[in-house]
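Some notes on the structure that comes next.
For this chain, numbers begin at 1 and follow the sequence in order.
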Amino acid sequence: MAIKTRVYSPRQGGGMNIYFQKRFQRGFGTYPLKGDELRQAVDAAIEAGYRAFDTAQMYGNEADTGAALAACGVARADLCITTKVHPDNYSEEKFLPSVEASLKALRIDRVDALLLHWPPVGGDVAPSLRLLQSARDRGLADTIGVSNYTARMMHVARTVVDGPLVTNQVEFHPLVDQRKLLAAASETGIPLSSYASIARGEVFKHALFAEIGQTYGKSAAQVVLRWILQKGVPLNTMSTKPENIRANFDIMDFTLSSIDMDRIDTLNATGYRIIKPGQLPWVPEWD
């Protein structure tokens, strides 16, 4: 049975950005989980306190995510569900049917946030943005946004879309310099949100995080995640271990000092990226 969607309200349309609500600032990413492993991870995330969940057509796990959330015991009105449209579906023939298929798989009749997963091949973002807006206008999504856009693309998006874009979801962690995107977020009003928040474990090669964590009684991962939030960037994390799922959520009871924030900032000179140009057909030249 489908989860009944709440009545549309200013929370989605014209009020506070959904990702900046305290209960949704820390989201649970589902890639690459499927089947029982995904269900168990979602159950652990719900128990830890997560209420925001992120999936995508590209992940091939929307149906498993929908089943897990339908069975989790939390009211639909208390969940924020994000999915992302595959670039292969950026055509008038495929776009809306693909979104409808995502909603059917997720067992909902509208998604809280619908994102374009990647810029289109060739870099002309306007046509897919118009299709994204049409999905929102037809009531298939409460809010819309993008992912993996460059600063230039963010500025174009702001001129194409009528109404707010709630996020540009990007690789964001202390080992990559995203100052240009943060500036574009301020200039365009399109906030960033984070995936690969601990750089798939690469951050643990740097002793600074554990050193700072000792000061606060927190782990290296918790320091990294807190740094992201203090940059004004909502985040997604993923783990299959209940203890790590809980720890990744438990980052709201301490604040990094400005000195520690600055010390962490120096690591962006590392220039480490998980997703590199040429790795996928849709990857742009990063800022």
Side-chain angles (χ1 to χ4, degrees), residues 3 5 12 17-35 37-70 72 74 76 78-87 89 98-99 101-103 105-108 110-118 132 135-136 140-149 165-173 190-200 225 228-229 233-240 244-245 248-249 251 274-275 282:
I3 305 173
T5 302
Q12 292 83 40
N17 185 310
I18 192 169
Y19 292 120
F20 284 95
Q21 293 193 29
K22 186 174 181 180
R23 58 182 171 162
F24 298 146
Q25 288 176 356
R26 296 155 291 169
F28 189 79
T30 61
Y31 178 80
L33 306 178
K34 294 182 180 179
E37 188 175 45
L38 186 149
R39 179 185 55 77
Q40 291 165 9
V42 167
D43 286 347
I46 287 289
E47 184 176 355
Y50 287 90
R51 294 297 180 266
F53 292 86
D54 180 277
T55 182
Q57 295 174 356
M58 193 178 290
Y59 300 167
N61 67 5
E62 288 176 312
D64 289 341
T65 300
L69 292 176
C72 76
V74 174
R76 174 68 182 96
D78 294 327
L79 296 172
C80 173
I81 302 173
T82 297
T83 197
K84 300 180 282 293
V85 181
H86 196 297
N89 293 322
S98 82
V99 176
S102 291
L103 297 180
L106 287 165
R107 307 188 187 194
I108 54 179
R110 62 197 297 160
V111 72
D112 296 276
L114 180 70
L115 313 184
L116 299 176
H117 203 155
W118 289 93
L132 180 69
R136 185 198 64 194
L140 302 180
D142 284 334
T143 65
I144 55 175
V146 296
S147 184
N148 295 302
Y149 269 35
L165 289 164
V166 293
T167 195
N168 178 19
Q169 186 186 101
V170 297
E171 181 175 342
F172 195 99
H173 49 72
I190 304 172
L192 304 184
S193 58
S194 169
Y195 71 79
S197 302
I198 58 171
R200 296 185 183 169
L225 299 178
I228 293 172
L229 282 186
V233 178
L235 56 87
N236 287 291
T237 56
M238 191 285 294
S239 178
T240 58
N244 289 344
I245 291 171
N248 290 342
F249 192 77
I251 57 173
I274 293 169
I275 306 296
W282 315 282

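- Dense packing is recorded around CD of Q40, with more than 12 heavy atoms of other residues, nucleotides or ligands lying under 6.0 Å away.
- Counting heavy-atom neighbours within 6.0 Å of Y31 OH, excluding the residue itself, gives a total of 12 or less.
- A distance-only check finds a donor-acceptor pair linking the side chain of K84 to the backbone of T55 [under 3.5 Å].
- Across all their heavy atoms, I245 and A45 have their closest contact at CG2-CA, 3.6 Å.
- The two atoms that bring Y50 and T237 nearest to each other are OH-OG1, 3.2 Å, heavy atoms only.
- Counting only distance, with no hydrogens or angles, the side chain of E171 and the backbone of I275 share a donor-acceptor pair below 3.5 Å.
- With T167 contributing its side chain and G145 its backbone, the two residues share no donor-acceptor pair below 3.5 Å.
- A side-chain donor from one of T82 and Y19 sits under 3.5 Å from a side-chain acceptor of the other.
- In this structure, N61 contributes its side chain and T30 its backbone to a donor-acceptor pair below 3.5 Å.
- Contact check for E47 versus F249: no side-chain heavy atoms found under the 4.5 Å cut-off.
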Practice prompt. Would you please test D64 and Y59 for side-chain hydrogen bond (donor to acceptor under 3.5 Å, both in side chains) and show each step?
Written response: CA-CA 11 Å; D64 289 341; Y59 300 167; over 6 Å; no
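- At distances below 3.5 Å, at least one donor-acceptor pair connects side-chain atoms of Q57 with backbone N or O atoms of S98.
- Here N248 contributes atom CG and I198 contributes atom CD1; the two are 6.5 Å apart, rounded to the nearest 0.5 Å.
- Ion pairing between D142 and R110 holds under the 4.0 Å rule for side-chain N and carboxylate O.
- R51 contributes no side-chain N or O that, together with a main-chain N or O of D78, makes up a donor-acceptor pair within less than 3.5 Å.
- In this structure a side-chain-to-backbone donor-acceptor pair under 3.5 Å is missing from T143 to V166.
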